[in-house]
K.L.:
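Here it is, the structure, as structure tokens.
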Amino acid sequence: MNAVIYARFSSHSQREQSIEGQLKTCYKFAADNGYTVIGECIDRAQSGTNDNRAEFQRMIADSDKHTFNAVLVYQLDRFARNRYDSAINKAKLKKNGVRVISARENITDDASGILVEGVLESMAEYYSAELSQKIHRGMSLNAQKCLSNGSNPGLGFKVTPDHTFYVDEDEAVIVREIFERYGKGETVADIIKDLNARQIKTSLGRDFNKNSLHRLLRNKRYIGTYLYKGEETPGGMPRIVSDEVFERVQNILDKNKAAPARSRGKEEYLLTTKLFCGYCHEMMTGHGDTGKSGKAYHYYACKNAKKHLCQKKVVDKKRIEDMVVAACRQMLTDSNIQRIAEAIEAVFKSEFDSSAVKRIKSAIQEADAAIENLWQALEKEHKLSAFLLNKRKAEEWL
């Protein structure tokens with residue numbers, strides 16, 4: 001029988017060696033039980049609490065090809081830590097004749113195996129929820145002490161092994177320079193151009209852009225404020241920038257944000273992505289300018305003409321849009337409207353009755369049946385346990 005191995009590790013204190021151990025155990029299980037491994041699907045640093053995992057979804061999709069009969073996992077919690085996702089995806093695999101087999105957990109095919117599997121999945125979900133609570137509790141305790149929780153500290157800051165923030169003076173010089181230059185009226189574009197020309201990188205090791213520079217200028221950490229989940233702790237961080245410089249920068253940022261754009265109005269350009277140059281066939285885009293008298297002008301211009309690669313002149317926005325709207329109105333006769341409506345209705349019916357929708361409905365029905373079977377197995381096990389208990393009491397009484 002052919003099998004595919006699925007391996008996964010989350011981001012919680014696990015690494016590549018975890019994958020190696022899972023694969024080794026699964027290959028040994030396959031060799032001992034007569035399975036031929038034809039492929040591996042591996043998700044790295046992916047949580048098992050949902051099924052939004054690239055390799056996992058590829059494995060589920062590949063089961064439609066009917067090239068393998070089993071999915072081997074190190075433990076069931078590698079497959080999923082959410083009982084609902086587990087039931088849904090196992091139903092999809094079952095439809096294609098594929099079983100999920102745990103290499104370390106001996107689970108039989110009978111009713112008791114269903115019960116054991118359900119218990120193991122419940123334990124995995126419980127462990128995941130408990131681990132999440134512990135992590136958030138630990139992060140909250142760190143926040144109370146103004147310690148790092150592992151996120152990017154920002155340019156100018158570094159973190160000691162005991163999670164304490166400290167100032168990296170080499171980077172702090174760059175931070176102060178950026179604040180001073182912007183506070184004196186230098187534009188964001190000029191600052192970015194200079195920083196990138198000097199090959200100065202962000203805290204993530206990337207080139208500066210408008211967003212990264214604005215985030216830096218808005219970051220209250222630079223005036224010593226510790227931030228966690230929207231809560232601010234003044235004095236919780238080492239300071240890099242003075243209050244005076246920071247406030248001056250914030251005022252300029254707020255003023256520029258409130259100012260209207262110089263070259264773009266709120267005008268809606270109806271023919272965006274629909275109007276093309278008659279000379280070079282390049283797309284024509286909408287633009288707006290203001291004359292010396294303060295009058296606003298709106299027009300469409302060829303992209304190549306803007307680069308002096310085409311002779312096309314600009315076209316007045318209102319004039320060309322009125323022409324196109326008038327032409328469209330002439331085409332919207334009663335017969336054409338009826339034909340368009342029928343075509344849209346046909347497309348809607350086709351999509352609604354597509355095979356994809358039918359497959360999804362079928363998968364949901366199978367998942368519901370699988371869940372119902374699990375509950376029935378649990379109920380039978382409960383009745384059996386009660387019967388055995390009563391029997392033992394009766395024997396003791398006799």
Side-chain angles (χ1 to χ4, degrees), residues 1-12 22 26 35 38-105 107-132 351-381:
M1 295 178 66
N2 292 338
V4 168
I5 295 176
Y6 177 73
R8 175 188 66 81
F9 72 82
S10 64
S11 57
H12 302 308
Q22 292 177 48
C26 288
Y35 288 99
I38 63 169
E40 299 173 358
C41 295
I42 301 172
D43 282 312
R44 295 172 170 83
Q46 295 289 317
S47 171
T49 55
N50 63 70
D51 61 1
N52 187 23
R53 295 167 260 151
E55 286 293 284
F56 183 87
Q57 290 298 333
R58 180 173 72 85
M59 175 190 70
I60 298 296
D62 285 349
S63 69
D64 288 337
K65 301 175 183 178
H66 300 283
T67 56
F68 56 93
N69 313 98
V71 172
L72 299 182
V73 293
Y74 177 73
Q75 289 182 171
L76 289 177
D77 63 357
R78 300 300 89 193
F79 184 82
R81 284 191 172 179
N82 178 300
R83 285 170 294 171
Y84 182 77
D85 286 342
S86 178
I88 289 291
N89 289 297
K90 283 181 180 178
K92 293 177 182 178
L93 293 173
K94 183 179 178 182
K95 178 184 176 183
N96 293 323
V98 179
R99 290 178 57 211
V100 178
I101 301 173
S102 170
R104 290 193 70 238
E105 297 155 332
I107 302 174
T108 59
D109 295 332
D110 56 13
S112 62
I114 296 175
L115 178 62
V116 170
E117 187 169 334
V119 170
L120 290 173
E121 288 175 345
S122 298
M123 290 176 63
E125 188 170 1
Y126 166 79
Y127 169 76
S128 179
E130 185 185 37
L131 180 61
S132 176
E351 291 181 352
F352 184 78
D353 295 331
S354 67
S355 58
V357 173
K358 292 178 181 178
R359 286 199 302 271
I360 292 171
K361 288 181 178 178
S362 177
I364 291 173
Q365 289 175 353
E366 290 188 9
D368 288 340
I371 293 170
E372 181 62 27
N373 290 337
L374 178 58
W375 281 114
Q376 290 178 4
L378 288 169
E379 186 177 359
K380 289 180 181 178
E381 186 69 18

K.L.:
With side chains defined as the heavy atoms from C-beta onward, is the minimum distance between Ser63 and Phe68 less than 4.5 Å?
P.N.:
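A side-chain contact exists here, since the closest heavy-atom pair is under 4.5 Å.
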K.L.:
Return yes if some donor-acceptor pair links the side-chain N/O of Asn89 with the main-chain N/O of Ile60 below 3.5 Å, else return no.
P.N.:
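Here the side-chain-to-backbone pair does not exist.
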K.L.:
For Tyr35 and Asn69: C-alpha separation, side-chain torsions, deciding distance, then whether side-chain hydrogen bond (donor to acceptor under 3.5 Å, both in side chains) applies.
P.N.:
CA-CA 9 Å; Tyr35 288 99; Asn69 313 98; over 6 Å; no
K.L.:
Under 3.5 Å, is there a donor-acceptor pair between the side chain of Gln22 and the main chain of Arg8?
P.N.:
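Looks like yes, one N/O pair under 3.5 Å.
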K.L.:
How long is the span from the CD1 atom in Ile5 to the CE atom in Met59, to the nearest 0.5 Å?
P.N.:
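So the gap between those two atoms works out to 12.0 Å.
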K.L.:
Hey, does Val98 have a side-chain heavy atom less than 4.5 Å from the side chain of Val71?
P.N.:
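A side-chain contact under 4.5 Å exists here.
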K.L.:
Indicate the atoms forming the closest heavy-atom contact of Arg78 with Arg53, along with that distance.
P.N.:
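Shortest heavy-atom contact: O-NH1, 3.7 Å.
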K.L.:
Find out whether Val100 and Val73 are in side-chain contact, i.e. whether some heavy atom of one side chain is under 4.5 Å from a heavy atom of the other.
P.N.:
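Yes, close enough: below the 4.5 Å cut-off.
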K.L.:
Please report the interatomic distance CD1(Ile88) to CG(Leu93), rounded to the nearest 0.5 Å.
P.N.:
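CG of Leu93 is found 11.5 Å from CD1 of Ile88.
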K.L.:
If you look at every heavy atom in Glu55 and Cys41, which pair is closest and at what distance?
P.N.:
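Heavy atoms of Glu55 and Cys41 come nearest at OE1-CA, 3.6 Å.
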K.L.:
Looking at every heavy atom in both Phe79 and Phe56, which two are closest together, and how far apart are they?
P.N.:
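That closest heavy-atom pairing would be O-CE1, 3.4 Å.
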K.L.:
Over all heavy atoms of both residues, which pair between Leu72 and Cys26 is shortest? Give the atoms and the distance, please.
P.N.:
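It is CD1-O, 3.9 Å.
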K.L.:
Could you tell me which non-hydrogen atom of Thr67 sits nearest to which non-hydrogen atom of Asn2, and how far apart they are?
P.N.:
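Looking at all heavy atoms of both residues, the closest pair is O-ND2, 3.2 Å.
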